[in-house]
Amino acid sequence: MKKVLVTRRIPEEGIELLRSAAEVTVSELDRDLSGQEIVEMGQGCTVLLTMLSNRIDGELLDAVPTVRMVANYAVGYDNIDLEAARRRSVVVTNTPGVLTETTAELTLALILDAARRVSEGDRLARSGGFTGIHPLFMLGMGLDGKTLGIYGLGRIGRAVARRARAFGMHIIYHNRHANSEADAELDARWVSFDELLSTSDVISINAPLTRHTRGAFDLAAFGRMRPGAVVVNTGRGPIIVEDDLADALERGFIAAAGLDVYQDEPAINPRLLALDNVVLCPHLGSATRECRAAMAVMVAQNVTAFLAGEEPPNRLV
Ligand code: 8YV
């Protein structure tokens, strides 16, 4: 039987499926494996089942020459050097689709929280700060009739837009290209990046991390936004320059932010930790029992298809 290394425990549904087709080793360490540990534990394996936190590059692949497949337990794959995999004829897969609605839910949670100051109010209430309501107490921003600007209108961006429409929001978006199907479905309008920045009341970042998106939200970008704007990021941390976001929040360029992803996870910029007008979530976008189980089955189906000599359903290279 071929060997599979699973670099971190995933839901049992996936492990069971894997065990029907391979000899499976699941790392028992309750933490991310280092590259060196993956190399050591991956010797003799045909498949590495990896997490977003595992950096897979050419050097690592050369050190585990039996590996023919990297099955990522995530939809995003910026942790994998696809070109290096392609050059070595290593197949790479991801888990698209099953986390779309789940991640959109968390995006709305952050939008609502940041706009209506839920977490801030929770902290205040716990620390004895609720001494009675008054007309100017903790005013936030209402969403009804406001404009949501989506940066990256892919599967997740569209699921965010559908939910936001139920809250009475108008949708604009910026992608490299307009998407006429989405325009019709969501009554959405493609705008330039500049227009997205200057006309959105809420900006939701739902793009993958690429050389085009890395660092797109810097001080200049925050400076073009409305002073009352709320920025939410459930895409990838490095799309925002965190120090610039801290500057923008401190200087009142924007009103609030909600983050699920960070530039250097799991570290969180101490300047953001110190601010009350930013909601910080520990990368929970896909963190529901249902979603993580579906991801586990999907990653396992990719592996079992590959081991059976078939085309894995979610092949990237
Ligand atoms: C991961 C994510 O799914 O799938 C992605 O791209 O960003 C995450 O939600 C999660 O880290 C899986 O453990």
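Positions are given from 1 along the sequence. Both backbone and side-chain heavy atoms feed into the values below; hydrogens, waters and symmetry mates do not. Atoms within each ligand, like the ligands themselves, are counted from 1 in listed order.
Of all atoms in ligand 1, numbered sequentially from 1 with element shown, those under 4.0 Å from a heavy atom of Leu99 are 3 (O), 4 (O). Near Arg236, meaning under 4.0 Å from any of its heavy atoms, are these atoms of ligand 1: 2 (C), 5 (C), 6 (O), 7 (O). Near Gly76, meaning under 4.0 Å from any of its heavy atoms, are these atoms of ligand 1: 4 (O), 5 (C), 6 (O).
Counting only heavy atoms from C-beta outward, the side chains of His134 and Leu136 approach each other to under 4.5 Å. Between Leu61 and Ile56, some side-chain heavy-atom pair lies under the 4.5 Å cut-off. Arg68 has its side chain within reach of Phe306: a pair of non-hydrogen atoms, C-beta onward, lies under 4.5 Å apart.
One finds no salt bridge joining Arg117 and Asp276 here, because no Lys/Arg side-chain nitrogen approaches an Asp/Glu carboxylate oxygen to under 4.0 Å.
Scanning all protein heavy atoms for the shortest distance to atom 1 (C) of ligand 1 gives Ser286 OG, 3.7 Å. Looking only at heavy atoms of the protein, atom 12 (C) of ligand 1 is closest to Tyr73 O, 3.6 Å. Protein heavy atom at the shortest distance from atom 8 (C) of ligand 1 is His283 NE2, 3.3 Å.
Under 4.0 Å from ligand 1, heavy atoms of Val75 appear from its side chain as well as its backbone. Contact annotation for Arg292 and ligand 1: only side-chain heavy atoms (C-beta onward) come within less than 4.0 Å of the ligand.
In this structure, Arg165 contributes its side chain and Leu186 its backbone to a donor-acceptor pair below 3.5 Å. A donor-acceptor pair under 3.5 Å is formed between the side chain of Asn79 and the backbone N or O of Met51.
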